[in-house]
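First, the structure itself, so that you have it in front of you.
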Amino acid sequence: MLTHPLTRVRSLLLLTALLPTLAWSQGLRFTTLDIGQGDAAVLIAPGGCVALFDGGPTGSGATIKAYLKSLGVTNIDMVFVSHMHADHMGGIDEVDVGTDAVSIDAVYDHGGRYDSATYDDYVSHFNGRRFTAIRGQTFSLCGEVTLTVVAANGNGISSADENAKSVAVKVSYGEFDALVGGDLTGSPDIESTLLNDVGELELYKVHHHGSRSSSNDSFLDATKPTVSFISVGKDNTYGHPTQECLDRLTARASDIWLTEDPATNKVRGHIELSSADGSTFVVKQGTVNVSYASKGPDLQPPSAPGALVASAVSSTEIDLSWNASTDNVKVTGYRVYRSINGGTFTSAGTTSTPGFADLGLTPGTTYAYLVTAVDAAGNESTASSASTRTPAPGITVTRPNGGESWAGGRAQNITWTARDISNVKLEYSLDNGTTWTVIASSVAASTGSYAWTVPSTASTAARVRVKDAFGTDWDMSDGPFTINMVNSPAKVILNEILANEPGSATDSEFVELVNVGGASIDISGWTLSDATSVRHTFAAGTVLGAGKAIVVFGGSSGIPAGTTNAVVASTGTLSLNNGGDTVTVKTSSAKAATTIDTVTYTSALAGQDGVSMNRSPDASATGSFVLHTSLSSRSASPGTRVSGVGF
């Protein structure tokens, strides 16, 4: 029975009646027809199903029909049209017409269009019977011979060369394998994309009539064809077959058969290959008969997976990656073996592509891996090895970590890192860890930060502890820090500046002032200037509390919703330059206009739309200015700390 996308079921009795000369015991028959400078080949399965590969130039139909009729063939199950050049497709529609017609069920080509009258005739004639061949598609002739499309449309390599688009089909019958690929090229190198899908061959229907740009060394090294059939015209003007191609075939000890011989100006005729069961085959041309043995089963294993790397992505998962293996036929998959802490290797799983995620592992455990490649015949490669250890869950306090001096009653950020922990509990101690007080019972560990209002109790032995809220892991400050209650004087600094507004919304420009001292201060009448002039004068009654911030925006529309500590520039603009400027805050002129703070910035800090410049560390009187995005994932934080926590 024949199976392909256009399914036809014909009774065995009817087929026997129609094909009287095709005895069921005849075996496989593959014939490269002599049609001059062109290409046409016939494949007949033992059960009588027929495939035609190309149809030669216009006028070849009569030759093809005569040959088929001589064998009793009256129907062709499928035709593979390698590409749209006239010397390969011109005679196909002729086979299907006339009183001596051999009917055609379906034709397969690489799809698309081509600008030629021959193409137009072909498309018109086979309307409704034309299908696109797709790489990886398989067909069966009578359930006995397998045909696999191994190339179509360049196999992903883009080229305007019609030859490079050729459909190539691998024919398999027992231990016998053949490849038919029209004018497939080695430049551009489409041939090398077939290597994992083809393997060693008994028959190679030579690409492009033996041109110098096909049958490249890599392709022939992998396929090692026993015999090579070349369809060629004795008087062709292309120099086919080229000596370069013949030399490459001869170097692989492949027997070369020509339909016609330009060197001697002789017609040699059809090249007929037959095989009873695929283990041996005979090639006949005229009075010459040569017997050959097939290469036998595939015993060659794939190459070992390359550059195997094991990476622990969590305490319960290790990801493996490696470079793909190669094989003389095809790599079908990979096997992954695992050993735990030096124990016996057991199967961890399989995968069809390079890469494997090993899940559900034990934290703090060393895992070793072996990875092998496997081909369709079951051959397994040598193993590549790698090992790594899964990390144990853990917490590390990063701030405060000893030596800090924090003012009581002020907000400070506690920070930490965590691995494979969902929630943490925060505590503090004022007596070096003897007693602990809860700050927060459960905080998402992934945040890595918590805004803590430091208790108003002096201590020189304060510590912070971060614990797994649902487990036993914990860490505390490496050393004690100090909490002081000294009411230091007010100190106002320029802390954050956005000179490059998002888009052209100049109202969004802002300057943030922070009082980093320990006392409030009246800033009524103080001025904020750029290098040109005063842009804002603080209104009477403006008091900036200790540890608090006030933000001056270019316009009211630029103030983010919910920002309570913001004012609009009294002149209606800040006019900060993206290429560089100077920002200065001074006391009122009535108080001798003392400079409180001044900052000169360059375009490096104002070159990105919507990204501010900020002191580092945040709210540090001595900190230098850096891009806000280097401190947090936020592009700006007017009126809050860089983390978004309020002052």
Side-chain angles (χ1 to χ4, degrees), residues 1-22 24 26 28-31 33 35 39-56 60-84 88-111 118-149 152 167-173 178 180 182:
M1 177 180 171
L2 165 69
T3 56
H4 58 68
L6 185 66
T7 304
R8 291 174 58 90
V9 180
R10 293 175 289 164
S11 76
L12 189 60
L13 291 176
L14 176 60
L15 189 60
T16 304
L18 291 175
L19 308 179
T21 64
L22 288 176
W24 298 118
Q26 71 169 14
L28 174 83
R29 182 191 294 268
F30 182 93
T31 303
L33 298 173
I35 43 82
D39 231 324
V42 174
L43 171 67
I44 304 176
C49 300
V50 179
L52 175 66
F53 298 91
D54 288 334
S60 300
T63 300
I64 298 170
K65 286 188 286 187
Y67 178 76
L68 293 173
K69 291 286 186 177
S70 72
L71 299 177
V73 175
T74 59
N75 180 264
I76 297 172
D77 298 284
M78 62 186 73
V79 177
F80 291 95
V81 183
S82 64
H83 62 299
M84 308 307 184
H88 287 253
M89 65 182 298
I92 295 174
D93 56 337
E94 299 169 348
V95 175
D96 196 43
V97 297
T99 57
D100 59 345
V102 178
S103 58
I104 294 174
D105 290 349
V107 296
Y108 295 86
D109 58 50
H110 63 61
T118 304
Y119 169 83
D120 292 340
D121 290 344
Y122 162 78
V123 171
S124 175
H125 184 83
F126 290 105
N127 182 37
R129 291 181 285 168
R130 181 192 178 200
F131 303 91
T132 299
I134 301 171
R135 184 184 187 185
Q137 191 173 18
T138 60
F139 302 81
S140 176
L141 283 179
C142 289
E144 301 162 320
V145 182
T146 300
L147 291 81
T148 304
V149 178
V167 173
V169 178
K170 179 182 178 181
V171 177
S172 298
Y173 174 61
V180 189

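Positions are given from 1 along the sequence.
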Could you pull out the closest heavy-atom pair between Gly56 and Ile35, with the gap in Å?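 Smallest heavy-atom distance, with atoms named: CA-CD1, 3.9 Å.
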How about Arg130 and Val123: do any of their side-chain heavy atoms sit closer than 4.5 Å? yes
With sequence neighbours excluded, tell me which residues meet side chain to side chain donor-acceptor pair (under 3.5 Å) with Lys65.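 Scan of Lys65 (side chain to side chain donor-acceptor pair (under 3.5 Å), adjacent residues dropped) gives Asp100.
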Got a second to check how far His125's NE2 is from Ile92's CD1, nearest 0.5 Å?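 The NE2 atom of His125 sits 10.0 Å away from the CD1 atom of Ile92.
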Quick one, Ile44 with Phe30, criterion side chain to side chain contact (heavy atoms under 4.5 Å, CB included). Give me CA distance, side-chain angles, the key distance, then yes/no. CA-CA 6 Å; Ile44 304 176; Phe30 182 93; over 6 Å; no
Do side-chain atoms of Glu144 reach the backbone of Gly47 as a donor and acceptor pair under 3.5 angstrom?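 Present.
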Taking the side chain as C-beta and beyond, is there a heavy-atom pair between Tyr122 and Thr118 under 4.5 Å? no
So how far is it from Asp39 CG to Leu33 CG, rounded to the nearest 0.5 Å?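 The CG atom of Leu33 is 9.5 Å from CG of Asp39, to the nearest 0.5 Å.
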Going from CD1 on Ile76 to CD1 on Ile104, what distance comes out if it is rounded to the nearest 0.5 angstrom? 4.5 Å
In the structure I gave you, are the side-chain heavy atoms of Asp93 and Phe126 within less than 4.5 Å of one another anywhere? yes
Thr74 side chain reached by Ser103 side chain, heavy atoms, under 4.5 Å: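 With C-beta onward as the side chain, the pair stays apart.
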Atom of Gln137, atom of Thr132 and distance for their closest heavy-atom approach: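 Answer, listing the atom of Gln137 first, then Thr132: OE1-O, 3.8 Å.
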Using side-chain heavy atoms (C-beta onward) and a distance below 4.5 Å, is Met84 in contact with His110? yes
Asp105/Arg129 salt bridge by N-O under 4.0 Å criterion: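 No, Arg129 and Asp105 are not salt-bridged.
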Interatomic spacing from SG in Cys142 to CG in Leu28 - rounded to 0.5 Å: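 Atom-to-atom, Cys142:SG and Leu28:CG are 11.0 Å apart.
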Do Ile64 and Leu52 have side chains that approach each other closer than 4.5 Å (heavy atoms only, starting at C-beta)?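 A side-chain contact under 4.5 Å exists here.
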Aromatic rings Phe139 and Tyr108: how do their planes relate, parallel, tilted or perpendicular, breaks at 30° and 60°?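 If you compare the ring of Phe139 with that of Tyr108, the planes turn out perpendicular.
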Please assess Arg29 against Leu71 for the test side chain to side chain contact (heavy atoms under 4.5 Å, CB included), listing each intermediate value before the final yes or no. CA-CA 11 Å; Arg29 182 191 294 268; Leu71 299 177; 3.7 Å; yes
Is there side-chain contact between Pro46 and Val145, with at least one heavy-atom pair below 4.5 Å?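 A side-chain contact exists here, since the closest heavy-atom pair is under 4.5 Å.
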Quick check for you: to the nearest 0.5 Å, what is the distance between Leu141 atom CG and Leu147 atom CG? 5.0 Å
With side chain to side chain contact (heavy atoms under 4.5 Å, CB included) as the criterion, how do Thr148 and Val169 come out once you've worked through the C-alpha distance, each side chain's angles and the decisive distance to 0.1 Å? CA-CA 5 Å; Thr148 304; Val169 178; 5.9 Å; no
Would Val149 and Val167 satisfy side chain to side chain contact (heavy atoms under 4.5 Å, CB included), going step by step from the backbone distance to the final call? CA-CA 7 Å; Val149 178; Val167 173; 4.3 Å; yes
Compare all side-chain heavy atoms of Val42 with those of Val50 and state whether any distance is below 4.5 angstrom.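 Yes - at least one pair of side-chain heavy atoms lies under 4.5 Å apart.
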Nearest-0.5 Å distance, CG of residue Leu43 to OG1 of residue Thr31: 9.0 Å
When you look at His88 and Asp54, which way does the side-chain hydrogen bond (donor to acceptor under 3.5 Å, both in side chains) test go after all the steps? CA-CA 5 Å; His88 287 253; Asp54 288 334; 2.7 Å; yes
